[in-house]
Amino acid sequence: MIRLNDITAEVLSYHPKADIQLIEKAYVYSAKVHRGQIRLSGEPYLSHPLEAAHILAKLKMDVICIAAGLLHDTIEDTVADLEEIREVFGEEVATIVDGVTKISKMHLVNRKERQAENVRKMILAMSSDIRVILVKLADRLHNMRTLGFQPEEKQRQIASETLDIYSPLAGRMGINWIKSDLEDLCLFYLEPEIYARIKNETARRRNEIQKLMAEVRAELTRKLEEVNIQATVKSRQKHFYSIYKKMVAQDLNVDQVYDILAFRVIVNTVRECYEVLGHIHSLWKPVQRRFKDYVSMPKANMYQSLHSTVIGPLGERMEVQIRTWDMDKVAESGIAAHWKYKEGGGARKTDEKQFAWLKQLLDWQRDLKDPVEFLDTVKMDLFPDEVYVFTPTGEIKAFPKGATVVDFAYSIHSEIGEKCMGAKVNGKMVPLKYQLRNGNIVEIITSPKQHPSKDWLEFVKTSRAKTKIRHWIKQEERDQGLSLGKSILEKALQKERVTLSNIFRSDQIKAIAEDLSFQSTEELVAQIGFGKVSARQVVGRLKPKLGIQEDRSRSLMSKMVGRLKRPKGQGVRVHGVSDMLIHFANCCHPLPGEKVVGFITRGRGITIHQEKCRHIQNAEPDRLVDVSWEPIESDVYPAKLRVTSVERKGVLADISAIISQRDANIIHAEIKTTVDHKGIAFFTIEVDGYAQLQNIMGAIKKVKNVMRVERI
């Protein structure tokens, strides 16, 4: 079992002036809170954080990261809490421990490739500090090394998750030795028979392989010495998982996989990399199309090396990698290789504030000498333009930054989006405009009475949601236009004493639709409802087709509006015209007793506005008509109020009581509190007229602590 001295000795080997007291304090704290806990292996639980911290020390991490490694399970598995960690060890350690805890609590589901990629991105997006991922990888590596003590089903579950999520993450971070170790361990648990065959075959050929590797190393070293190139030549057998992938890709048995040898040549300069490549090709014949230049074109994680496959002395394929010492550090430890330590300041500050991936991160790190400066660059989101959230079943969905719960609803199904009336995020109700955050668990609440609104288009972000909402609104408007158009046309026909048994089956109406370049009768009728085609125009064309002469004796105003009937109970009289279709404007909600004016809406009758409504201030005079109220006792009208008050217990109850006592009905209320402790309440109430509304507003103004009452 790893001991504290092993960790501190490792740290001091690469950072002699490190403050190891923080590591020692973290060890004491972890030992205290984990006291009495035993792993399935029978070892004290403390052995696990010690092993994870030792892996981080091998990665040459800073003392804060290693302290976090010792503490990474304390919040999840002990009585310790985050605030105590923050108080005892500081904000940075607490941030890392909190990030690792959140990742550990993620419940991952299926193994779809796209799903696994989303999980990896989510982990990266959740990690405001890159060290969160490094601690999690160290934690997972040691758990995989001790996976044999878990039940078989649990072994396969954890191994699958590791192969899908954590091994690729290690690859993205450029830490190849962790990636390879994780892959081999996963193969052991997921394909035990294949693992055993590969192990037995390589064991059977061990002496032959070792002899061949020694010969190749000697021959290559001799050649490079002849041309005065200082180089270190290393050799190894390929990892079991690498052999397994070749077996699957080429449908081979293990004894048919020959290129299991790999050699690495490490030199001092980039120029020498290419020189060595030429000398290797002069010794052994290269395999066509098996050369890759990652020196001039690095991988996304900044891995650099020349790769070539050649035919070896015994006719076997051998992979050769050529790189400089700096490239080798990055290849082995990835991002961790850039954790530089230098005493004192003086290094220049970077102006960069955002980055999308490790390529930019490592580019900046090349110019930094102080680890503090480097940390300033890594405490940012790796995917600043994306968020990743969970469905209630554990599936992960990706959205653009700023996406809302409505976007989430439409991503599940268009019907869910259309009926979405709210959502629960992490078990708490949120409004439709709530913007999703990384790690949210989102549950959509639907209602058969809910429908999309044009307002939704102002806050949804995904193209799918926008397209579906526009389609629904367009269809709804068409249906409404069709219904209203049919009503308007029927009234116009009735006014002219023209009878049609069925408008939509009339050959004459169909002919008029074709004359006006419409594809169908329905389209013509809908355009009448939209006000784009006049019903009078249709009736005028219809009469000749029916053999009826046009009556031209009526006035222009009578022809425009006389065809429309006003439904009973509207309580408004249009001067000089009878039987009008009446609408009340939603912009100003006119009330009986207020001065009002009528506005002719082509094809839709007359809309009633307050006389001072801004929407009709610049209207065409010819389209304005005089109207007056004829109140009907049973009619009620909506009015909206905004009440601002000093926050006080019971003030809303007082306001509600006043509204109720004056025979008004509250049909909607919304309350919010400002940062300066003021309450703002929005009420929609039903009143019988302007006088009743004024009476209610006056009474509310007298309530204690009410500052302002406004009609909106």
Fill in the blank from the handout: In this structure, CG of Leu56 is separated from CG of Asp139 (nearest 0.5 Å) by 9.5 Å
Exercise for the section: Indicate whether the side chain of Tyr434 and that of Asn440 have a donor and an acceptor atom separated by less than 3.5 Å. Expected result: yes
Practice task
Look at atom OH of Tyr410 and say whether more than 12 heavy atoms of other residues, nucleotides or ligands are closer to it than 6.0 Å.
Solution key: yes
Exercise for the section: Count the heavy atoms belonging to other residues, nucleotides or ligands that lie under 6.0 Å from NZ of Lys424, then report whether that count exceeds 12. Expected result: no
Handout entry: Full working for ring-ring contact (aromatic ring centres under 6.0 Å, His included) between Tyr29 and Phe89
Key = CA-CA 10 Å; Tyr29 184 92; Phe89 297 97; 5.4 Å; yes
Problem - Candidate pair Gln37 and Arg35, rule side-chain hydrogen bond (donor to acceptor under 3.5 Å, both in side chains), full reasoning - result: CA-CA 6 Å; Gln37 294 181 349; Arg35 182 179 294 125; over 6 Å; no
Exercise for the section: Could you tell me whether Arg86 and Asp98 have a side-chain N and a carboxylate O separated by less than 4.0 Å? Expected result: no
Practice task
Might you confirm whether atom CD of Gln450 has over 12 heavy atoms from other residues, nucleotides or ligands at distances under 6.0 Å?
Solution key: yes
Handout entry: Side-chain (Ser47) to main-chain (Pro44) donor-acceptor, under 3.5 angstrom
Key = yes
Practice task
State the OG-CG distance between Ser167 and Asp184, to the nearest 0.5 angstrom.
Solution key: 9.5 Å
Problem - Geometric class of the Tyr241/Tyr244 ring pair [parallel <30°, tilted 30-60°, perpendicular >60°] - result: tilted
Handout entry: Any donor-acceptor N or O pair under 3.5 Å, side chains Arg3, Tyr27
Key = no
Exercise for the section: Answer with yes or no whether the side chains of Glu51 and His48 bring together a donor and an acceptor at under 3.5 Å. Expected result: no
Practice task
Measure from the side-chain N and O atoms of Tyr189 to the backbone N and O of Gly148, and report whether any donor-acceptor pair falls under 3.5 Å.
Solution key: yes
Practice task
Give the intermediate values and the outcome of salt bridge (Lys or Arg N to Asp or Glu O under 4.0 Å) for residues Glu183 and Lys179.
Solution key: CA-CA 6 Å; Glu183 288 175 341; Lys179 176 178 182 292; 2.9 Å; yes
Practice task
Report yes or no: do Arg437 and Gln435 form a side-chain donor-acceptor pair below 3.5 Å?
Solution key: no
Exercise for the section: Count the heavy atoms of every other residue, nucleotide or ligand shown that sit under 6.0 Å from CE of Met429, and state whether that count exceeds 12. Expected result: yes
Problem - Criterion salt bridge (Lys or Arg N to Asp or Glu O under 4.0 Å) on Glu92 and Arg131, from CA distance to verdict - result: CA-CA 10 Å; Glu92 285 186 276; Arg131 291 172 294 185; 3.0 Å; yes
Problem - Exceeds 12 heavy-atom contacts within 6.0 angstrom, atom CD of Glu91 - result: yes
Handout entry: Residue pair Tyr45 / Asp73, side-chain donor-acceptor N/O under 3.5 Å
Key = yes
Handout entry: Crowding at CZ, Arg464 (>12 non-hydrogen neighbours, <6.0 Å)
Key = yes
Handout entry: Trace of the salt bridge (Lys or Arg N to Asp or Glu O under 4.0 Å) decision for Lys461 with Asp407
Key = CA-CA 7 Å; Lys461 295 295 182 182; Asp407 293 287; over 6 Å; no
